[in-house]
Amino acid sequence: MFFIKAKAMNFIEEIIEEDLKNGKNGTKVHTRFPPEPNGYLHIGHAKSICLNFGLAQKYNGQCNLRLDDTNPTKEDVEYVDSIKEDIQWLGFQWAAEYYASDYFDQLYQWAEWLIQNNLAYVDDSTQEEISLGRGVPTKPGTESPYRNRTVEVNLDIFRRMRAGEFAEGSKVLRAKVDMASPNMHMRDPILYRILHAEHHRTGNKWCIYPMYDYAHGQSDSIEGITHSICTLEFEVHRPLYDWFCDTLKIHHPQQIEFARLNLNYTIMSKRKLMLLVQEKYVMGWDDPRMPTISGLRRRGYSPESIRNFAETVGVAKRENIIDVNLLEFCAREHLNKVAQRRMAVLDPVKLIIDNYPDGQVELMNAVNNPEDPEGGTRQVHFAKELWIERADFKEDADKKFFRLTIGGEVRLKYAYIIKCTHIVKDDAGNILEIHATYDPETKSGMEQSNRKVKATIHWLSVEHAQQAEVRLFDKLFTVPEPDNTEEGKTFLDYINPNSMVVIDGFVEETMSLENTHPYYQFERTGYFCIDKDSTSQKLVFNKTVGLKS
RNA sequence: UGACCAAUGGUGUAACGGUAGCACUACAGUUUUUGGUACUGUCUGUCUAGGUUCGAAUCCUGGUUGGUCAACCA
């Protein structure tokens, strides 16, 4: 008999369990993930996705995907497609796929109802006048001169707005709430604005489009959402969310706010990420340096590791900046279990085993994954001339260095124990060749091979190794908080010029486009994956994350 | 000079009036044919001042600090 300590609940789970206990929504838990299709999803969205879909799973409920497409000037189907792909890649499936635009008719009916009940009016004020009239947070606003138009006039003008009689920006529909409210969002919020823009789903049916506050809560309501989870900045919108549900007397989901994810050494603003793409600071939304889900995917992160990350960071209401180390830890933790081991030499120097017979070639057995007993083995060619990492040899080694040095021994993994005899340099002092002798009795598997050797290094046969492009990534920004800029600078001033280093290295010859695995570990180096830029002529690898050192 | 929200090691997150725990980071050590993994250990924390209470990270009040709000964005 043993006890498992229950994992602590986050505050949203506590709310849900309390609601379940009180039968607030029966036994139902229904969430939604409501992105605006105006950019690609990032790791912050991943947290929200895991939260919303995870909650639905945990409580046997459902989670909808709802694309919040109320602003046709910013939204595009490209983004819709990428959002759906990213969510599914993360491992989640929505119960239903909806669009805020599905509700435009219903929203319009409610708007007319509000007008008829003297709770909404058409305002002809200019944008500036409206802004001025709203006042400032510390001072109440003033009522619009158009606030007391009759129901009949309002209805007539609103219908003509819909019919397309008026120019963009000339009129808006506002709710009649409270111009003196300490909450700016309650000072007669705008419900509809005129936008003569084609919508990616409704085409030219509409020229008036609802604002977020008017559309979001009602969309939740229509879908029967029980818990509407959003980020902290919407906290001040909640009274308005509640006002619409109460005023319209419709199902009233509970809005709950949590702190969005922030990661150090990167940015999370969609607008800024878009800028990086448009100004070509990166190769695209899916550049492996981007914090986007597609970027992380291309970088070689597994969905498991991202889900685990989202679970590990927790859910709370306090502002936070997560150390990117935690993300990398989650990547290693999962990749260690699943990645196929391969030998790759990224900074090669030639090792010649002088007493190894010319022309002899042996096939050495190498295990594919020591963490996976079922992982099997493969064979790697061994010969007299090998590539090893330049960093694995040191001419004047201190006590801390226990790899190859003149007169020293080292094990070639899966092969022999060798002893370095001498090196050959060019005139500039660069090492050209490292010479060694091997002990034939120490081949892996032989009794002598069990001898204690200080270090084991990886290698590749010069004759058999295949050249490959390897892209080494580092942080995109040089400072922990690129958004927290000093006077006169922008986040662009902190871009790391060395965030991508492209090198040519050698990998095992059996690796090919036809024979791939999603995750590799280059022994002793790090985790890598094959990039989409690979051709049958040349493989391209992305470094996901290095091994801990 | 408003309203709302928050405050626990370096970073996150628990403790629901009764032993401040967990993860990451950092640093040590054991094991190891990856300087990986695994395992063990160490360092470091309740913003502040009062109050309530036998007892406060937790409840109350003031302060401080941080965040959000003044798009016809979401």
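In what follows, chains are A, B, ... by sequence order, proteins preceding strands, each numbered from 1.
Pair assignment for B/rA74 gives none, since no Watson-Crick or G-U wobble pairing has each distance under 3.5 Å. B/rA3 and B/rU68 make up a base pair, with Watson-Crick or G-U wobble contacts both under 3.5 Å. B/rG29 is paired with B/rC39 under the Watson-Crick or G-U wobble criterion, all donor-acceptor distances under 3.5 Å. Here B/rA23 sits opposite B/rU11 as a Watson-Crick or G-U wobble pair (both hydrogen-bonding atom distances under 3.5 Å). A 3.5 Å limit on both hydrogen-bonding distances identifies B/rA49 as the Watson-Crick or G-U partner of B/rU61.
Under 4.0 angstrom from either OP1 or OP2 of B/rG35 there lies no side-chain N or O belonging to A/Lys454. Note on A/Arg134: a side-chain N or O is less than 4.0 Å away from OP1 or OP2 of B/rC72. The phosphate of B/rC73 has OP1 or OP2 within less than 4.0 Å of a side-chain N or O from A/Arg193. OP1 or OP2 of B/rC73 has not a single side-chain nitrogen or oxygen of A/Thr73 nearer than 4.0 Å. Regarding contacts with the backbone of B/rG35, a side-chain N or O of A/Arg524 is found under 4.0 angstrom from either OP1 or OP2. Neither OP1 nor OP2 of B/rU34 sits under 4.0 Å from any side-chain N or O of A/Lys548.
Using the six-membered ring where Trp is involved, A/Trp387 and A/Phe506 have ring planes that are parallel, under 30° apart on the 30 and 60° scheme.
Within the 4.0 angstrom heavy-atom criterion, only backbone atoms of the sugar-phosphate kind lie near A/Glu36; the bases stay farther away. Here A/Gln521 lies in heavy-atom contact (under 4.0 Å) with a base. Nucleic acid contact class of A/Val172 (heavy atoms, under 4.0 Å, all strands): base. A/Ser131 comes within 4.0 angstrom of sugar-phosphate atoms only, judged by non-hydrogen atoms across all strands, and of no base. Among the heavy atoms of the strands lying under 4.0 Å from A/Phe402 is at least one base atom, whether or not backbone atoms are also near. Within 4.0 Å (heavy atoms only), A/Val453 reaches no atom of the nucleic acid at all. A/Ser125 comes within 4.0 angstrom of a base, heavy atoms only. The residue A/Gly141 sits apart from the nucleic acid: no heavy atom pair falls under 4.0 Å. A/Pro35 comes within 4.0 angstrom of no nucleic acid atom, judged by non-hydrogen atoms across all strands. Contacts of A/Tyr414 with the nucleic acid, taken as non-hydrogen atoms under 4.0 Å apart, include base atoms. Residue A/Glu235 is in sugar-phosphate contact alone, with no base atom involved, counting any heavy-atom pair closer than 4.0 Å across all strands shown. Using a 4.0 Å heavy-atom criterion, one finds that A/Ile417 contacts no nucleic acid atom at all. Within 4.0 Å of A/Asp68, counting heavy atoms only, lie sugar-phosphate atoms of the nucleic acid but no base atom. Nucleic acid contact for A/Gly39: none, since no nucleic acid atom lies under 4.0 Å from a heavy atom of the residue.
B/rG63 sits 10 Å from B/rG2 when the P atoms are compared, rounded to a whole Å. For the C1' atoms, the distance from B/rA14 to B/rA7 is 16 Å, rounded to whole Å. Rounded to whole Å, the C1' atom of B/rG21 lies 22 Å from the corresponding atom of B/rA6.
With rounding to whole Å, A/Tyr265 atom OH is found 12 Å from B/rU11 atom C1'. When rounded to the nearest whole Å, the span between OH of A/Tyr214 and C1' of B/rA74 equals 18 Å. Rounded to an integer number of Å, the gap from CG of A/Leu232 to P of B/rA3 is 19 Å. With rounding to whole Å, A/Asn320 atom CG is found 20 Å from B/rA23 atom P. Remark: P of B/rA71 and CG of A/Leu191 are 17 Å apart, rounded to the nearest angstrom. Here B/rA15 presents its P atom at 10 Å from CG of A/Asn10, a figure rounded to the nearest Å. We find that CD of A/Glu128 is positioned 12 Å from P of B/rC72, with the value rounded to whole Å. Atom pair A/Ile457:CD1 and B/rG36:C1' shows a separation of 16 Å (rounding to whole Å applied).
A donor-acceptor contact under 3.5 angstrom links the side chains of A/Glu78 and A/Tyr40, judged on distance only. Checked by atom type, the side-chain pair A/Asn308/A/His334 shows no donor-acceptor distance below 3.5 Å. Between the side chains of A/Tyr416 and A/Glu362, at least one donor-acceptor pair of N or O atoms lies under 3.5 Å.
Side-chain N/O atoms of A/Glu371 and base N/O atoms of B/rG36 include a donor-acceptor pair closer than 3.5 Å. Judged by atom type and distance alone, A/His185 does not reach the base of B/rA70 through any side-chain donor-acceptor pair under 3.5 Å. In terms of polar N and O atoms assigned as donor or acceptor, the side chain of A/Arg403 comes within less than 3.5 Å of the base of B/rG35 in a complementary pairing. At a cut-off of 3.5 angstrom, the base of B/rU34 holds no donor-acceptor pair with the side chain of A/Thr456. For B/rU34, the base has a donor-acceptor partner in the side chain of A/Arg341 [N/O atoms by modelled type, under 3.5 angstrom].
In summary, of the residues considered (A/Phe541, A/Phe522, A/Tyr520), a ring pair (Phe, Tyr, Trp, His ring centres under 6.0 Å) with A/Phe528 occurs for A/Phe522 alone.
Between A/Arg66 and A/Glu97, none of the side-chain N atoms (NZ, or NE/NH1/NH2) sits under 4.0 Å from a carboxylate O, so this pair counts as no salt bridge. With respect to the salt-bridge test (charged N to carboxylate O, under 4.0 angstrom), the residues A/Asp124 and A/Arg149 qualify. Between A/Arg403 and A/Glu389 there is no salt bridge, since no side-chain N of the basic residue sits under 4.0 Å from a carboxylate O of the acidic one.
Under the 90° criterion around 0 for the glycosidic angle, B/rA38 counts as anti.
Ranking B/rC24, B/rG12, B/rG2 by closeness to the A/Leu326 side chain, first place goes to B/rC24.
Ranked by how close their nearest RNA chain B nucleotide is to the 5' end, A/Gly445 and A/Asp323 are led by A/Asp323. In this structure, A/Gly135 and A/Tyr527 both approach RNA chain B, and ranking their closest nucleotides by distance from the 5' end singles out A/Tyr527.
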Tell me, with the steps shown, if A/Tyr214 and A/Phe244 meet ring-ring contact (aromatic ring centres under 6.0 Å, His included). CA-CA 7 Å; A/Tyr214 184 65; A/Phe244 284 123; 5.3 Å; yes
